[in-house]
Amino acid sequence: MTVQTSSWLEPLTLRWQGLPTRDRRALSLLLITAGLLVLWLGIINPTLSWRESTRSDLRAAEETFRQLVERAPLAMASSGSSAQAPTAGGSLNAEVRNQANRFGVVIQSFEPDGEQIRVRVDTVRFTNLMRWLGALEARGIDAAQLTLEATDRAGQVSVQASFRR
């Protein structure tokens, strides 16, 4: 192995030694510059580009996450629905009833009051109530008045509310 290596390097070594000192320095500088260029183009620049691309992807992912966190309450309120759009032209009475049925809210009484509807619910799970109210709000129906009272059963409340568009 040593013989093959030295036979391969011997002509180059002799040629190197035959060059004047000034040419050796110029060739050394040229080889160092070429090596640095290969190092920059082959390793450093691609690594820096990848790093910046990764940072950009991270910023985009963080923005998406922030938007999802902001929209989560609305999504939770409308979960279980089949991608229904808000119905601004529908009857307030019908919309309040439909949304109540979706979330298992049993309404005991409805009383129309001008542009509003008064509703009474004797017992409902608090989580179902919150989902129902969130779905109504997503459809442009606001609770003008809302009274909650605790019941004897844990996690359940009674409600009196007035809704309007």
Side-chain angles (χ1 to χ4, degrees), residues 1 27-165:
M1 185 94 176
L27 188 56
S28 296
L29 185 60
L30 180 64
L31 290 174
I32 290 171
T33 303
L36 290 174
L37 183 64
V38 167
L39 180 69
W40 176 260
L41 293 176
I43 296 173
I44 296 172
N45 195 28
T47 302
L48 293 176
S49 296
W50 171 80
R51 186 177 179 196
E52 184 57 36
S53 172
T54 303
R55 283 183 179 169
S56 175
D57 291 346
L58 177 62
R59 278 186 238 115
E62 287 172 341
E63 178 63 23
T64 301
F65 177 73
R66 186 190 59 74
Q67 289 175 357
L68 288 174
V69 167
E70 286 177 0
R71 295 177 184 168
L74 179 61
M76 291 299 292
S78 65
S79 66
S81 71
S82 56
Q84 300 170 347
T87 56
S91 163
L92 179 62
N93 183 1
E95 191 64 35
V96 169
R97 285 181 189 267
N98 288 339
Q99 295 303 319
N101 290 336
R102 273 186 54 216
F103 295 102
V105 177
V106 178
I107 299 173
Q108 272 67 44
S109 69
F110 271 86
E111 293 179 37
D113 183 21
E115 296 291 318
Q116 297 182 1
I117 292 180
R118 290 186 192 165
V119 175
R120 183 178 54 86
V121 178
D122 287 339
T123 58
V124 63
R125 290 186 57 170
F126 184 75
T127 55
N128 291 356
L129 174 68
M130 291 290 92
R131 288 182 180 146
W132 177 50
L133 293 174
L136 290 174
E137 185 177 7
R139 294 182 175 286
I141 299 172
D142 296 321
Q145 177 269 330
L146 185 65
T147 305
L148 303 176
E149 293 181 16
T151 62
D152 296 338
R153 299 175 69 186
Q156 295 200 352
V157 293
S158 65
V159 181
Q160 291 185 0
S162 296
F163 295 106
R164 66 173 179 229
R165 279 204 192 265

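Position 1 is the first residue of the sequence; numbering continues from there. Small disclaimer: the values here were computed from a predicted structure and weren't measured.
- Remark: E111 engages no residue in a side chain to side chain donor-acceptor pair (under 3.5 Å) (not counting sequence neighbours).
- Enclosure of atom CZ in R59 by more than 12 non-hydrogen atoms of other residues, nucleotides or ligands within 6.0 angstrom is indicated.
- In this structure a side-chain-to-backbone donor-acceptor pair under 3.5 Å is missing from S162 to Q145.
- Within 6.0 Å of CD on Q156 lie more than 12 heavy atoms contributed by other residues, nucleotides or ligands.
- Of all heavy-atom pairs spanning V157 and V159, the tightest one is CG2-CG2, 4.0 Å.
- Between the S56 side chain and the E52 main chain, no donor and acceptor come within less than 3.5 Å of each other.
- Under the ring pair (Phe, Tyr, Trp, His ring centres under 6.0 Å) criterion, the residue pairs touching residues 136-165 are W132-F163, with sequence neighbours excluded.
- Evaluation of the salt bridge (Lys or Arg N to Asp or Glu O under 4.0 Å) test over residues 142-157, restricted to residues two or more places apart or in two chains, returns none.
- In this structure I44 satisfies the side chain to side chain contact (heavy atoms under 4.5 Å, CB included) test together with L39, W40, L48, sequence neighbours excluded.
- Q67 pairs by the side chain to side chain donor-acceptor pair (under 3.5 Å) definition with E63, not counting sequence neighbours.
- Remark: E62 pairs with no residue by the salt bridge (charged side-chain N to carboxylate O under 4.0 Å, His left out) rule, at least two apart or across chains.
- The structure places CG of N98 at 6.0 Å from CD of E95, a figure rounded to the nearest 0.5 Å.
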Show every donor-acceptor pair shorter than 3.5 Å between a side-chain atom in residues 116-130 and any protein atom, with sequence neighbours excluded, or say none if there are none.
{"unit_1": "R118", "atom_1": "NE", "unit_2": "D113", "atom_2": "OD2", "d": "3.4"}
{"unit_1": "R118", "atom_1": "NH2", "unit_2": "D113", "atom_2": "OD2", "d": "3.0"}
{"unit_1": "R120", "atom_1": "NH1", "unit_2": "D122", "atom_2": "OD1", "d": "2.4"}
{"unit_1": "R120", "atom_1": "NH1", "unit_2": "D122", "atom_2": "OD2", "d": "3.2"}
{"unit_1": "N128", "atom_1": "ND2", "unit_2": "F103", "atom_2": "O", "d": "3.3"}

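- In this structure R97 satisfies the side chain to side chain donor-acceptor pair (under 3.5 Å) test together with N93, sequence neighbours excluded.
- Between A135 and Q99, the shortest heavy-atom distance links the atoms CB-OE1, 3.3 Å.
- Residues passing the side chain to side chain contact (heavy atoms under 4.5 Å, CB included) test with E70 are R66, sequence neighbours excluded.
- Checking side-chain atoms of T64 against main-chain N and O of A60 turns up a donor-acceptor pair under 3.5 Å.
- The two residues T151 and S158 have their closest heavy-atom pair at CG2-N, 3.7 Å.
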